[in-house]
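So that the names make sense, note that chain A is the first sequence line, chain B the second, and so on, each numbered from 1.
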Amino acid sequence: MTKIFTNDIKKVDLVVLGAGPAGVAAANVASKEGAEVVIIDENSSAGGQIYRAPPNEFKPQNSFKSDEFREGEKQRNILKNSNVKALFKHRVWSVSSDLVVSTVGPNGLSSWHARSLIIANGALERIIPFPGWTIPGVIGLAASTILLKSQYVLPGQSTVVAGCGPLLIAVANGIIKSGGKVSAIIDLNSKSDWIKAFPRLLSRPDQLFKGMSWFANIMKAGIKLYGGHAVTNTKQVDNVLRISIAPINSAGSILDSKNQKIVEGDCLAIGHGLFPSTEITRLLKAKHIYDPLKGGWVPLIDDDFRSSIPGVYIAGDATGISGAFSAVQKGRIAGMAAVRDLNVMSSQKYKAKIKSELIILKKNENFGKAAVRLMKFRPELIQTITSETIVCRCEDVFRSEIDEAIESGARDLNQLKAWTRCGMGPCQGRTCSEAIEAILASKVGSRELAGQWTGRTPLRPVPIEQIIGKYTYEDIPIPENAPL
Amino acid sequence: MFNFNKKTIFKYWGGKKSKQSLRVAGNRVVRQAFTTLTIDGCEIKAPVGEILAVTLFVNGKLTLKYSSRIKEPRGFFCLMGSCQECLVIVDGIILPACQVFVQEGTIVKTGINK
């Protein structure tokens with residue numbers, strides 16, 4: 001009973017938010033140095049989205065285990081064999097300025113008061129809207145990878161794969177390898193964009209080779225590839241998606257709107273790159289900078305991954321997109337910096353250990369940066385957001401309403417939110433922030449002037465039933481009557 | 001693999017003939033246990049542990065809820081707990097279907113905001 005109405009706050013040296021490659025590395029290194037560490041993740045096991053595990057009840061057959069599956073298993077084992085306390089299926093819905101992390105899990109609420117906090121909440125997928133993007137059957141590229149990797153389910157009978165970056169090739173290849181059909185690939189990047197990325201990709205020849213073999217699979221399957229094209233419209237006609245595409249220039253501007261082609265499928269998997277997740281750092285009012293080569297807004301950090309808030313460290317893609325390999329080093333450095341600042345690790349030991357990490361980080365980051373260039377934001381792609389297109393899915397806010405508000409004088413993102421309700425829904429603006437910021441930036445001059453939404457709790461919606469738990473009348477405390 | 005009766009298949013594919021299952025065949029992965037859950041009053045067999053949004057999807061339930069203002073159909077979109085477009089009612093609680101896993105006897109209702 002007491003469990004329901006009181007909410008014990010447990011003290012701990014370090015809380016790590018997110019059990020992807022960066023979070024696991026940070027938690028493990030800090031715990032090895034002797035710190036008491038709690039790691040929290042919404043998923044059922046470690047690995048993040050990149051190494052997302054299949055359900056326990058699924059047994060992948062040996063010959064079909066991918067490199068990613070094996071790497072994920074490795075990380076899950078590292079965590080299992082460590083002293084880190086892992087809380088899975090726990091949603092973090094608040095982080096306060098005195099570093100109290102509030103979660104809701106299978107057993108209700110729990111709170112952790114951290115001396116230090118490492119935020120390793122990764123990235124979100126940017127999807128620039130177009131008419132029809134809200135039709136069921138239009139899904140993210142990241143969602144498609146989860147379907148393929150962790151669920152062994154095809155995104156459609158015949159899928160159109162669109163957008164940019166490594167995920168585009170990974171999804172198309174994943175569908176073919178799983179025995180499915182890709183009806184077309186619509187790539188924002190032209191052939192010359194890929195050629196330009198090539199030298200940097202050579203920093204990880206093993207990964208470049210893997211990417212090329214995926215590409216060869218796609219070519220072998222005879223899939224039509226439209227390079228330098230964007231999806232401009234999607235209509236549903238009897239369970240079939242009729243997808244209009246048009247050529248674009250490198251800034252994302254539609255070159256010839258009359259010369260549109262149509263491709264068809266029952267699923268459209270689309271994604272325009274990844275951007276760092278800043279919801280928690282915004283909530284904590286940390287300083288941020290806008291850096292397109294890091295994927296967008298990133299919290300300001302020093303060389304040891306300290307944010308502008310004392311005791312708060314950032315690791316992995318949340319510091320700027322550079323991929324899963326570099327996330328491990330970012331996590332290790334942040335984890336060691338945190339325990340050094342807690343005086344659990346000596347400065348000397350820290351300095352000695354950090355050297356080798358920095359060398360590997362640089363190499364892996366170079367590879368990651370090439371991938372980021374292939375999914376960099378193209379500001380003029382917002383042309384595909386016509387005035388009748390819904391931009392904010394949660395609150396059904398149309399482009400015309402956004403434009404009208406800007407016309408009437410809304411000059412920053414928060415004002416735009418107050419006037420139109422954009423970004424005010426249950427997703428807290430995670431799905432539409434990139435598009436709305438870009439629309440506003442095109443009018444006010446820059447992303448810096450457009451600003452960011454103020455971070456708000458709850459970070460994730462919390463059902464009231466999960467807060468109050470299961471109780472009966474007997475559980476409700478009735479104070480004794482006052483003496484007459 | 002599935003014991004759907006004709007009526008169920010008919011309903012879930014919107015009156016169209018059943019197509020090949022989107023679940024990749026068993027030589028890649030063995031789904032060890034199947035169970036029954038109730039989706040909008042229909043009993044559906046599904047692998048234990050599968051993401052509920054995926055179960056709904058492979059059974060042809062693409063529309064999971066309706067949007068708040070103009071009430072247009074919406075389905076799962078991000079599949080990682082971010083976008084909140086796959087909200088359904090699971091045993092009486094509104095939850096994103098991408099964060100719920102198939103368990104025996106779960107009762108699911110779709111169509112919020114209809």
How close do [X] and [Y] get, heavy atom to heavy atom, and via which atoms?
X       : Y       : value
V29(B)  : Q61(A)  : N-CG, 4.0 Å
V24(B)  : V153(A) : CG2-N, 4.2 Å
R52(A)  : L79(B)  : NH1-O, 3.7 Å
C83(B)  : C427(A) : O-CB, 3.5 Å
P463(A) : I94(B)  : CG-O, 3.7 Å

Does any backbone or side-chain atom of [X] lie under 4.5 Å from a heavy atom of chain A? Answer side chain, backbone, both or neither.
X       : answer
C78(B)  : backbone
F101(B) : side chain
K71(B)  : backbone
Q99(B)  : side chain
I51(B)  : both

Which atoms of [X] approach chain B - backbone, side chain, both or neither, heavy atom under 4.5 Å:
X       : result
P155(A) : backbone
T134(A) : both
Q49(A)  : side chain
R460(A) : side chain
I390(A) : side chain
K89(A)  : side chain
R91(A)  : side chain
L459(A) : neither
C432(A) : neither

Answer key: most heavy-atom pairs under 4.5 Å with chain B among I464(A), L147(A), N56(A) is L147(A)

Exactly one of E42(A), Q428(A), R430(A) clears side chain to side chain donor-acceptor pair (under 3.5 Å) with S82(B), and that residue is R430(A)

